Amino acid sequence: MIVLGVESSCDETGLALYDTARGLLSHALYSQVAMHEEYGGVVPELASRDHIRRAIPLLEQTLKGAGIAPQAIDAIAYTQGPGLAGALLVGSSIACSLGLALDKPVLGVHHLEGHLLSPLLASDPPEFPFVALLVSGGHTQLMRVDGVGQYELLGETLDDAAGEAFDKSAKLLGLGYPGGPAISRLAEFGDPLAYKLPRPMLHSKDLNFSFSGLKTAVLTVVKNSAAANVCEQDKANIARGFVDAIVDVLTAKCVAALKQTGLKRLVIAGGVGANSQLRAALNAAAAKKRFRVYYPELEFCTDNGAMIAFAGAMRLSINPQAARREYGFNV
Ligand code: KG4
Ligand code: ZN
């Protein structure tokens, strides 16, 4: 079965073809980051319009990459939500129009399920069950995953998501959008002893998170640092203080979730999963506590069409009736 995946929930247009027999056939992605950069964040209307512009060329590219004709597609999976309404509507419209034109069934996929299953696209995928840390721009969740569709929420953020904390703290430091990679790079030059920022809910005895206090702590040190007219090095020190704090909390909660569930496999998914400091800390914890940690390929940490094609294919493998031929736009 060949499934076309369409991702358009935010500022990335992703198309991909996944074959349940042969694996990922091809994928294509266009990131709108450069367009939104000058506004310091995603402008929803611009995002929707750009998805419209990019989708068909990306589809052609994906079909060409896979060497198949449109009729070879068996089903079309698209991101149903959560995300920006206008942007989601574009992906949904494209999927439904293609379904109608090709007489193929369509299937709405939950964006977070796409992220959650993306590590299974790797060459050495984890077996079920596992604990998953889902860290994206909009969500921070710990889950027990027993199979496709068998998800138990163990804990989540009570306020900001981890990616949001990265982006907002980066903005306070005057770094560009998206801030996650920028603050991470700057932190490499920072002194780890200069700023000891709070580690919210580190000892809360549950698996929930809270990052808004950490963002406020960054705001306070940025203000004090500006008032004292401190040099550029101080920015790097603050970045380092922030990254160390958030990585400490994420790592400790993952270890606690493994302890609580008795599982030995940890899977990281979502944009923040690309973070090198987080990966280093988790790898060190895995060696010490004897568990195994799995990551998606770097290109599949942030939004992409491959994870949607894959999640759609997994859903259809379990329940072929999951896709429908009623092409009402449903986001
Ligand atoms: O999963 P994703 O592409 O989109 C959502 O579904 O939200 O995640 C985007 C988030 C952004 O907040 C971005 O700053 C963050 O992932 N991110 C990173 C890194 N790469 C992306 N955060 C920290 N370090 C990175 N290397
Ligand atoms: Zn995402």
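Quick note: residue numbers are just sequence positions, from 1. Worth saying up front: this structure is predicted, and the values here are computed from it rather than measured. What's counted below: heavy atoms across the whole structure, side chains too, no hydrogens, waters or symmetry copies. Numbering of ligands and ligand atoms starts at 1, following listing order.
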Under-4.0 Å salt bridge between Lys215 and Asp160:
yes

Which bit of His115 is near ligand 1, meaning a heavy atom under 4.0 Å away: side chain, backbone, both or neither?
side chain

Do any N/O atoms on Gly137 end up under 3.5 angstrom from N/O atoms on ligand 1?
yes

For ligand 1, find out whether one of its N or O atoms is nearer than 3.5 Å to an N or O atom of Thr302.
no

Ligand 1 atoms in contact with Gly163 (distance to a heavy atom under 4.0 Å):
12 (O)

Whether Arg279 engages the ring of Tyr295 as a cation-pi pair (distance to the six-membered ring centre under 6.0 angstrom, angle to the ring normal within 45°) should be assessed.
yes

Please list the nearest protein heavy atom to atom 3 (O) of ligand 1 with its residue and the distance rounded to 0.1 Å.
Asp303 N, 3.1 Å

Would you call the rings of Phe128 and Phe130 parallel, tilted or perpendicular, where under 30° means parallel and over 60° means perpendicular?
parallel

Gly180 to ligand 1: N or O pair under 3.5 Å?
yes

Specify which N/O/S atom of His115 comes nearest to the Zn ion (ligand 2), by atom name.
NE2

For ligand 1, does Asp167 get within less than 4.0 Å through its side chain, its backbone, both, or neither, judged by non-hydrogen atoms?
side chain

So, of the N/O/S atoms that Asp303 has, which is the nearest one to the Zn ion (ligand 2)?
OD1

Answer yes or no for His111: is there an N/O/S atom below the 2.8 Å cut-off from the Zn ion (ligand 2)?
yes

Is there a polar contact between ligand 1 and Phe166, counting only N or O atoms under 3.5 Å apart?
no

Looking only at protein heavy atoms, identify the closest one to atom 21 (C) of ligand 1 and say how far it is in Å.
Gly271 O, 3.4 Å

If we only count N/O pairs under 3.5 Å, is Glu12 in contact with ligand 1?
no

Of all the atoms in ligand 1, which lie at a distance below 4.0 Å from a heavy atom belonging to His111?
6 (O)

Please verify whether a non-hydrogen atom of Pro181 lies at under 4.0 Å from ligand 1.
yes

